Amino acid sequence: PFLRGVLDAYHIPIQMDPHVLSVFTTLEHVQQHPIFGVGYTGMRFGEGSDTPELNRYLAILGSSGLSTAVPYVVFVLSLIVISWRTIGKLYRHHRPGVELGIVLLTCISMFAIKLNNEGQESLYYWVFFALTAAWIRNSRRYIAPARVKSRHSPAETSPRGLARGNVSYA
């Protein structure tokens with residue numbers, strides 16, 4: 001009702017495009033049921049537009065509400081941010097895996113944008129999300145600080161032994 005009122009106030013016809021109509025129908029569903037949404041069947045067979053929602057984020061928001069849409073968006077965005085930071089750390093320390101990280105970051109960034117135009121769930125982009133998460137996890141061993149490893153007995157690894165230089169870095 002609110003969005004249609006704004007369109008009516010500015011004399012903008014909403015029957016111009018079925019996709020625009022589906023966006024407004026979805027947003028009206030969200031206004032009525034913001035926390036848990038209207039459910040999958042409510043979005044699929046609801047009143048209004050016969051065109052299914054073509055924006056994945058809006059489809060999740062309308063069918064499952066904020067309780068699912070917020071963690072979904074936070075997951076995608078945090079994966080992008082953590083990948084960006086991991087690439088920076090690997091590059092700064094001249095560690096391997098930077099090239100793979102750049103490819104994976106590019107893929108998940110493009111998939112995050114592509115979800116704006118994809119209404120149905122496609123499972124192939126979850127493979128890239130999983131590969132990126134695994135790459136981040138495996139890259140941490142290259143970023144972790146070097147551990148001190150002694151060439152001598154544990155008695156010589158006291159602070160006095162460390163001061164004498166009886167240490168090698170692994």
Side-chain angles (χ1 to χ4, degrees), residues 1-91 95-143:
F2 171 74
L3 295 172
R4 289 185 194 262
V6 169
L7 291 175
D8 290 340
Y10 290 102
H11 307 290
I12 300 172
I14 59 173
Q15 275 71 15
M16 59 185 159
D17 185 10
H19 302 295
V20 174
L21 182 61
S22 72
V23 168
F24 285 111
T25 304
T26 301
L27 292 176
E28 286 177 0
H29 287 307
V30 171
Q31 284 181 340
Q32 294 169 2
H33 306 281
I35 304 298
F36 296 112
V38 296
Y40 181 72
T41 55
M43 282 293 296
R44 200 70 169 145
F45 306 109
E47 297 178 10
S49 174
D50 293 332
T51 306
E53 182 55 59
L54 296 178
N55 182 324
R56 189 72 198 139
Y57 300 113
L58 285 178
I60 291 172
L61 183 63
S63 64
S64 302
L66 291 170
S67 62
T68 303
V70 170
Y72 188 86
V73 170
V74 167
F75 168 74
V76 172
L77 293 179
S78 65
L79 197 60
I80 291 171
V81 169
I82 292 171
S83 297
W84 179 261
R85 289 182 179 172
T86 303
I87 289 171
K89 289 177 184 177
L90 288 174
Y91 184 76
R95 302 292 188 194
V98 175
E99 295 84 7
L100 178 61
I102 291 171
V103 169
L104 290 172
L105 176 63
T106 304
C107 289
I108 62 171
S109 299
M110 291 300 107
F111 285 135
I113 293 169
K114 182 184 183 305
L115 292 175
N116 284 322
N117 297 322
E118 184 168 338
Q120 61 186 1
E121 185 72 39
S122 297
L123 301 178
Y124 66 90
Y125 56 81
W126 284 102
V127 172
F128 283 93
F129 291 159
L131 286 173
T132 304
W135 172 79
I136 291 168
R137 182 186 172 281
N138 291 335
S139 295
R140 291 186 185 233
R141 65 181 166 167
Y142 294 117
I143 299 171

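Only this structure's heavy atoms are used, side chains among them; waters, hydrogens and symmetry mates stay out. It should be emphasised that the depicted structure is a prediction, and the values quoted were computed from it without experimental measurement.
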For the atom pair [atom1] ([X]) and [atom2] ([Y]), what is the distance rounded to the nearest 0.5 Å?
{"X": "Glu28", "Y": "His33", "atom1": "CD", "atom2": "NE2", "value": "11.5 Å"}
{"X": "Arg85", "Y": "Ser78", "atom1": "CZ", "atom2": "OG", "value": "10.5 Å"}
{"X": "Leu90", "Y": "Arg140", "atom1": "CG", "atom2": "CZ", "value": "10.5 Å"}
{"X": "Ser63", "Y": "Phe36", "atom1": "OG", "atom2": "CZ", "value": "13.5 Å"}
{"X": "Ile87", "Y": "Leu104", "atom1": "CD1", "atom2": "CG", "value": "8.0 Å"}
{"X": "Tyr125", "Y": "Arg56", "atom1": "OH", "atom2": "CZ", "value": "5.5 Å"}

Is a side-chain donor or acceptor of Ser67 paired with a backbone partner of Ile35 at a separation under 3.5 angstrom?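 Such a contact is found between Ser67 side chain and Ile35 backbone.
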
Is any side-chain heavy atom of [Y] closer than 4.5 Å to one of [X]?
{"X": "Leu79", "Y": "Ile136", "answer": "yes"}
{"X": "Ile108", "Y": "Ile80", "answer": "yes"}
{"X": "Lys89", "Y": "Thr86", "answer": "no"}
{"X": "Tyr72", "Y": "Leu115", "answer": "yes"}
{"X": "Asn117", "Y": "Asn55", "answer": "no"}

Ring center gap for Phe75 and Trp126 short of 6.0 angstrom: yes

Classify the angle between the aromatic ring planes of Phe111 and Phe128 as parallel (below 30°), tilted (30 to 60°) or perpendicular (above 60°).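 The rings of Phe111 and Phe128 sit tilted, inter-plane angle from 30° to 60°.
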
Looking at Tyr57, I want to see if its OH is surrounded by more than 12 non-hydrogen atoms of other residues, nucleotides or ligands under 6.0 Å.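 Buried by this count: over 12 neighbours within 6.0 Å.
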
Heavy-atom pair of closest approach, residues Ser83 and Leu105: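 Distance-wise, the nearest heavy atoms are CB-CD1, 3.8 Å.
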
Non-hydrogen atoms of Val76 and Ala112 that approach each other most closely: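 Closest pair (atom of Val76, atom of Ala112, distance): CG1-CB, 3.6 Å.
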
Under the ring-ring contact (aromatic ring centres under 6.0 Å, His included) rule, what do Phe129 and Trp135 come out as? Steps first, then yes or no, please. CA-CA 10 Å; Phe129 291 159; Trp135 172 79; over 10 Å; no

